[in-house]
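Hydrogens, waters and symmetry mates are skipped; everything else that's a heavy atom, side chains included, is used.
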Amino acid sequence: QVQLVESGGGLVQAGGSLRLSCAASGRTFSGYVMGWFRQAPGKEREFVAAILWSGSITNYADSVKGRFTISRDNAKNTMYLQMNSLKPEDTAVYYCASGPVFRDVRALRSYNYWGQGTQVTVSS
């Protein structure tokens, strides 16, 4: 049973930083895609970033490129999202997800396991 558990959310002022973590368990994730999505109140869940678990291939939404960095630690089975220069529009619940292949990584349908989410609030 795959489990994904996010942590690291919180309240931060605009311009500040947060690092989200996603602890993964239940299988070997080699070859899998791991992604971060977010959902603001009243909006659809949207892609933020993705990484190939066993390699260095990454993909970012244009809205976060240059501000957010996705990474993973194979030894700890943990994925991270370093978020810098945060803006009020980054406020959302952030979800981590995993999928079987690194393809069409911006689509929700490419992921078959999801975490419960962690709230990120950026004040102006």
Side-chain angles (χ1 to χ4, degrees):
Q1 179 74 9
V2 172
Q3 282 195 314
L4 303 174
V5 180
E6 303 96 336
S7 62
L11 173 64
V12 64
Q13 288 189 330
S17 298
L18 281 175
R19 189 177 79 156
L20 305 184
S21 299
C22 173
S25 62
R27 66 154 294 126
T28 301
F29 290 92
S30 176
Y32 266 52
V33 58
M34 302 293 292
W36 287 100
F37 287 76
R38 66 187 182 186
Q39 188 166 18
K43 295 189 176 182
E44 295 184 349
R45 193 170 298 190
E46 66 174 6
F47 170 77
V48 175
I51 188 167
L52 179 63
W53 186 262
S54 57
S56 60
I57 302 173
T58 59
N59 192 295
Y60 293 93
D62 290 343
S63 59
V64 307
K65 202 172 294 184
R67 299 189 298 123
F68 291 9
T69 303
I70 190 171
S71 63
R72 85 277 183 262
D73 184 328
N74 290 348
K76 296 182 178 180
N77 248 23
T78 300
M79 176 178 65
Y80 303 98
L81 185 69
Q82 178 67 43
M83 305 186 295
N84 299 328
S85 302
L86 282 161
K87 305 175 182 180
E89 51 264 43
D90 294 317
T91 295
V93 177
Y94 283 71
Y95 299 89
C96 71
S98 69
V101 293
F102 195 90
R103 182 172 63 213
D104 200 12
V105 298
R106 300 187 176 202
L108 275 71
R109 64 177 180 273
S110 297
Y111 301 84
N112 50 2
Y113 293 102
W114 293 84
Q116 293 301 306
T118 185
Q119 176 71 47
V120 171
T121 303
V122 184
S123 63
S124 58

Report the distance from atom [atom1] of [X] to atom [atom2] of [Y], rounding to the nearest 0.5 Å.
{"X": "Leu52", "Y": "Asn59", "atom1": "CG", "atom2": "CG", "result": "11.5 Å"}
{"X": "Cys96", "Y": "Glu6", "atom1": "SG", "atom2": "CD", "result": "4.0 Å"}
{"X": "Phe47", "Y": "Asp62", "atom1": "CZ", "atom2": "CG", "result": "10.0 Å"}

Heavy-atom closest pair, residues [X] and [Y]:
{"X": "Gln119", "Y": "Thr91", "answer": "NE2-CG2, 4.1 Å"}
{"X": "Arg38", "Y": "Ala92", "answer": "CB-CB, 3.8 Å"}
{"X": "Leu4", "Y": "Met34", "answer": "CD2-CE, 4.0 Å"}
{"X": "Lys43", "Y": "Gln39", "answer": "O-NE2, 3.1 Å"}
{"X": "Met79", "Y": "Gly35", "answer": "CE-O, 3.5 Å"}
{"X": "Tyr60", "Y": "Thr69", "answer": "OH-CA, 3.4 Å"}

Show the atom names and distances, to 0.1 Å, of all donor-acceptor pairs under 3.5 Å that link a side chain in residues 10-26 to residues at least two apart or in another chain.
{"from": "Ser17", "atom 1": "OG", "to": "Asn84", "atom 2": "OD1", "distance (Å)": "2.9"}

Find out if a path of hydrophobic residues (ILVMFWY) with successive side-chain heavy-atom gaps under 4.5 Å connects [X] to [Y].
{"X": "Ile57", "Y": "Val105", "answer": "yes"}
{"X": "Phe102", "Y": "Trp114", "answer": "yes"}
{"X": "Tyr80", "Y": "Val33", "answer": "no"}

query = Which pairs pass ring pair (Phe, Tyr, Trp, His ring centres under 6.0 Å) with one or both residues in residues 13-36, sequence neighbours excluded?
reply =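 Counting only pairs at least two positions apart or across chains, the ring pair (Phe, Tyr, Trp, His ring centres under 6.0 Å) contacts touching residues 13-36 are Phe29-Tyr32, Phe29-Trp53.
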inquiry  = I need the full list of disulfide bond (SG atoms under 2.5 Å apart) pairs touching residues 56-95, with sequence neighbours left out, sorted by first then second residue.
reply    = none
key: Whether Phe37 and Tyr111 hold their rings parallel, tilted or perpendicular, with breakpoints at 30° and 60°   =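 Answer is perpendicular, since the angle exceeds 60°.
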Partner of Met83 by side chain to side chain contact (heavy atoms under 4.5 Å, CB included), out of Val64, Val120, Asp90 = Val120
query = Is there a donor-acceptor pair under 3.5 Å between the side chain of Gln116 and the backbone N or O of Val5?
reply = no
ask   = Would you say Ser110's side chain and Asp104's backbone share a donor-acceptor pair under 3.5 angstrom?
value = yes
